[in-house]
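Below is one structure, written out as structure tokens; comments come after it.
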Amino acid sequence: MAVLETVPVLFPVHESSSSFLNTSTIIALTVFFALLCACIVIGHLLEENRWANESITALLLGLCAGVVVLLVSKFQSSRILVFSEDLFFLYLLPPIIFNAGFQVKKKQFFKNITTILLFGVFGTVISFCIISLGAYLLFKKIGITNLDIQDYLAVGAILSATDSVCTLQVLSQDETPLLYSIVFGEGVVNDATSIVLFNAVQSLDINNIDTLTALKLLGTFLYLFFTSTALGIAVGLISAYIIKTLYFGRHSTDREVALMMLMAYLSYMLAELLDLSGILTIFFCGIVMSHYTWHNVTESSRITTKHAFATISFIAETFIFLYVGMDALDIDKWKSSNASPATSVAVSSTLFAMVLVGRAAFVFPIANIANCMKKRENTKIQFRQQFIIWWAGLMRGAVTIALSYNEFSNSDTTSTEDSALMITSTIIVVLFSTVVFGSITKPMIEAMLLRNAKPMVSDATDIPSLEDLNISFLENGDPSEQGQQANNPPRRKNSLQLLISNPTSTIHYWWRKFDDKFMRPVFGGRGFVPFVPSSPTGARDETS
């Protein structure tokens with residue numbers, strides 16, 4: 001399948017005897033690179049503007065470029081570059097998700113892992129059911145009668161996919177670590193869940209739906225989640241062991257950087273090859289690499305990898321929003337839909353209303369359920385924070401558009417007009433949610449949370465340090481810690497009771513002990529950096 005092709009609508013293609021390159025391809029890439037440069041410059045100038053960010057800038061710039069192409073081509077096409085879903089899922093999405101896992105604050109993320117999984121799995125299923133049911137009940141009243149049950153279920157899966165890419169732009173990991181970890185972590189799990197639901201709908205036999213089908217779907221998701229996570233962790237650990245054992249930094253830091261990049265991408269490709277979730281795999285691979293592999297390379301490689309991953313991710317994010325903006329004016333789809341503006345607005349409004357209701361139906365109940373399981377007041381999700389979580393998760397992006405094209409571009413059962421209408425309506429929802437909610441989120445967070453916020457409490461107070469947890473164990477009378485005689489042990493709680501009473505802190509405590517005793521000596525990491533004679537910072541790295 002061709003991943004990238006150009007549409008020669010701006011200029012006629014002249015094959016030059018002195019060049020083997022396609023002129024239309026050169027023109028298309030030149031225009032896109034120029035637009036990317038413009039996005040970076042405009043984003044820099046708007047850095048202090050709380051209403052704008054790079055994603056919205058790229059989206060609007062793509063719309064403007066699409067209008068220009070429309071005018072130049074005399075309304076024949078708005079696109080100079082056409083790419084299939086392969087380009088998005090295989091080349092643009094992996095570096096974004098990997099960098100997010102590589103840069104994420106692991107302590108904050110795993111502290112909220114229960115809430116993240118509740119939102120990402122159960123929340124997505126609730127949203128999927130509400131959107132599908134709402135579309136089924138309301139579309140017929142609008143006049144959309146050619147969709148079947150499978151199409152309605154597909155619409156629910158498509159619009160349940162949040163935009164984790166835009167979340168990176170509108171939420172700050174430093175200013176709002178709790179919101180960032182929950183909303184972005186939910187977005188990663190949500191994308192994987194939505195894709196699993198979408199694939200299940202594609203292969204679903206409508207005539208034979210029963211309880212066993214639902215159990216099979218649950219089993220499929222659990223299998224994909226755990227195997228994808230395990231694969232990402234395994235590849236991350238292998239990269240750490242290889243770099244620690246072979247001392248690549250003795251001869252070439254370039255090899256260290258190249259190996260990290262290639263093994264990260266290899267984890268994603270292996271997941272796709274095995275029909276697993278590449279998103280989950282590369283995300284957890286990034287977490288493991290930042291915990292072990294990154295500390296095994298030389299200091300120059302650390303600086304290089306940190307900035308290289310961030311730069312590639314930034315370019316991919318900007319490219320996605322730029323193309324979505326330009327693709328929104330695909331004149332062929334708008335002509336094929338053959339729907340009146342009123343019908344188009346009605347369908348788009350219905351879809352977006354279902355997105356609002358579907359997200360509210362799980363965010364507030366699940367957040368309050370999670371609060372009931374937390375004892376400390378400072379770890380509970382307040383109502384204002386719940387509202388921001390609901391609001392920030394309303395944005396839809398490239399995953400939604402890609403799934404929509406997959407379902408309706410080559411549909412055999414749905415009419416061409418209704419298929420085109422569903423695609424254009426999905427594009428309207430994506431544009432509206434990204435521009436409106438993406439621009440308002442930052443000011444809303446500042447108004448609701450940061451302006452009257454109390455002094456930030458560090459993660460160390462939320463999750464006790466090893467010393468604090470040792471005291472907890474000593475207070476419960478662990479004879480090995482107190483140096484008591486074995487024949488006179490004091491009364492104490494067992495590990496199970498401590499796990500039930502303080503699960504997060506206890507798991508963190510045992511993980512740190514296991515990590516320091518078994519994992520880091522084998523795979524490296526902070527405090528276990530191999531000595532590299534050729535590195536000027538080798539001795540310092542060894543004791544840092």
- List the steps, then state whether side-chain contact (heavy atoms from CB on, under 4.5 Å) holds for Lys513 with Tyr509. CA-CA 6 Å; Lys513 292 192 71 173; Tyr509 170 78; 3.5 Å; yes
- Tyr241, OH atom: more than 12 neighbouring heavy atoms under 6.0 Å: no
- Is the backbone N or O of Gly120 less than 3.5 Å from a side-chain atom of Thr193, with the two atoms forming a donor-acceptor pair by type? yes
- Could you walk me through whether Trp391 and Ile440 pass the side-chain contact (heavy atoms from CB on, under 4.5 Å) test, one step at a time? CA-CA 9 Å; Trp391 181 276; Ile440 297 178; 3.7 Å; yes
- Query: Does Phe88 reach the side chain of Ile401, with side-chain heavy atoms less than 4.5 Å apart?
  - Reply: no
- Message: Does any part of the side chain of Met519, heavy atoms only, come nearer than 4.5 Å to the side chain of Tyr292, both counted from C-beta?
- Response: yes
- Item | For Tyr268, all residues meeting side-chain hydrogen bond (donor to acceptor under 3.5 Å, both in side chains), sequence neighbours excluded | none
- Is there a side-chain contact (heavy atoms from CB on, under 4.5 Å) between Met263 and Thr293 once you walk through the steps? CA-CA 11 Å; Met263 291 202 70; Thr293 313; over 6 Å; no
- Can you list every side chain to side chain donor-acceptor pair (under 3.5 Å) pair that touches residues 218-236, not counting sequence neighbours? none
- Task: Verify, without hydrogens or angle tests, whether Arg396 (side chain) and Ser433 (backbone) share a donor-acceptor contact under 3.5 angstrom.
- Result: no
- Query: For Lys380, does the NZ atom sit with more than 12 other heavy atoms under 6.0 Å from it, leaving out its own atoms?
  - Reply: yes
- Query: So, Asn368 side chain and Phe364 main chain: donor-acceptor pair closer than 3.5 Å or not?
  - Reply: yes
- Item | Pair Thr253-Thr298, side-chain donor/acceptor within less than 3.5 Å | no
- Item | Point-to-point distance, once rounded to the nearest 0.5 Å, from CG of Asn296 to CD1 of Ile243 | 7.0 Å
- Item | From Ser194 atom OG to Leu403 atom CG, the distance as rounded to the nearest 0.5 Å | 7.5 Å
- Work out which heavy atom in Ala398 is nearest to a heavy atom in Val324; give both atom names and the distance. CB-CG2, 4.3 Å
- Is the closest side-chain heavy-atom distance between Ile389 and Phe119 below 4.5 Å? yes
- Query: Considering only heavy atoms from C-beta outward, does the side chain of His307 approach that of Ile303 to under 4.5 Å?
  - Reply: yes
- Message: Would you say that Glu175 contacts Ile445 through its side chain, given a criterion of any heavy-atom pair below 4.5 Å between the two side chains?
- Response: no
- Query: Do side-chain atoms of Gln386 reach the backbone of Ile381 as a donor and acceptor pair under 3.5 angstrom?
  - Reply: yes
- Message: Between Thr245 (side chain only) and Ile242 (backbone N and O only), is there a donor and an acceptor less than 3.5 Å apart?
- Response: no
- In Å and rounded to the nearest 0.5 Å, what is the CD1 to CD1 distance from Ile116 to Ile113? 5.0 Å
- Looking only at non-hydrogen atoms, find the nearest pair between Ser239 and Gly236 and report the distance. OG-O, 2.7 Å
- Rounded to the nearest 0.5 Å, what separation is found between the OG atom of Ser404 and the CG atom of Leu159? 8.0 Å
- Task: Verify side-chain contact (heavy atoms from CB on, under 4.5 Å) between Asp163 and Val399, making sure each step is shown before the conclusion.
- Result: CA-CA 7 Å; Asp163 186 14; Val399 173; over 6 Å; no
- Measure the spacing between CG of Leu36 and CZ of Phe314 and express it to the nearest 0.5 Å. 8.5 Å
N/O donor to acceptor pairs below 3.5 angstrom from side-chain atoms of residues 183-190, sequence neighbours left out:
| unit_1 | atom_1 | unit_2 | atom_2 | d |
| --- | --- | --- | --- | --- |
| Glu186 | OE1 | Arg359 | NH2 | 2.9 |
| Glu186 | OE2 | Arg359 | NH1 | 2.8 |
| Asn190 | OD1 | Thr162 | N | 2.8 |
| Asn190 | OD1 | Thr162 | OG1 | 3.3 |
| Asn190 | ND2 | Thr124 | OG1 | 2.9 |
| Asn190 | ND2 | Ser160 | O | 2.8 |

- Task: May I have the step-by-step check of ring-ring contact (aromatic ring centres under 6.0 Å, His included) for Phe309 and Phe98, ending in yes or no?
- Result: CA-CA 8 Å; Phe309 294 150; Phe98 173 78; 4.9 Å; yes
- Work out which heavy atom in Thr115 is nearest to a heavy atom in Ala370; give both atom names and the distance. OG1-CB, 3.7 Å
- Message: Looking only at the aromatic ring of each residue, does the gap between the centers of Tyr91 and Phe319 stay below 6.0 angstrom?
- Response: no
- Taking the side chain as every heavy atom from C-beta outward, state whether Lys111 and Leu178 have any pair of such atoms under 4.5 Å apart. no
- Arg384 side chain to Met448 backbone, donor-acceptor under 3.5 Å: yes
- NZ of Lys106: more than 12 outside heavy atoms within 6.0 angstrom? yes
- Message: Ignoring hydrogens, what is the shortest heavy-atom contact between Leu59 and Phe321? Give both atom names and the distance.
- Response: CD1-O, 3.4 Å
- Message: Looking at Ser301 and Val257, would you say the former's side chain and the latter's main chain have a donor-acceptor pair under 3.5 Å?
- Response: no
- Message: Measuring only between side-chain heavy atoms, which start at C-beta, is Trp294 closer than 4.5 Å to Arg302?
- Response: yes
- Item | Heavy-atom side-chain contact between Phe198 and Asn406 under 4.5 Å | yes
- Return yes if some donor-acceptor pair links the side-chain N/O of Thr281 with the main-chain N/O of Ser277 below 3.5 Å, else return no. yes
- Name the orientation class of the two ring planes belonging to Phe110 and Phe284 (parallel below 30°, tilted from 30 to 60°, perpendicular beyond 60°). tilted
- Considering all heavy atoms of both residues, which atom of Lys306 and which atom of Gln103 are nearest to each other, and what is their separation? O-NE2, 3.7 Å
- Item | Minimum heavy-atom distance Cys39-Thr318, with the two atoms named | CB-CG2, 3.7 Å
- Query: Hey, what do you get for CD1 (Ile97) to CZ (Phe102), rounding to the nearest 0.5 Å?
  - Reply: 15.5 Å
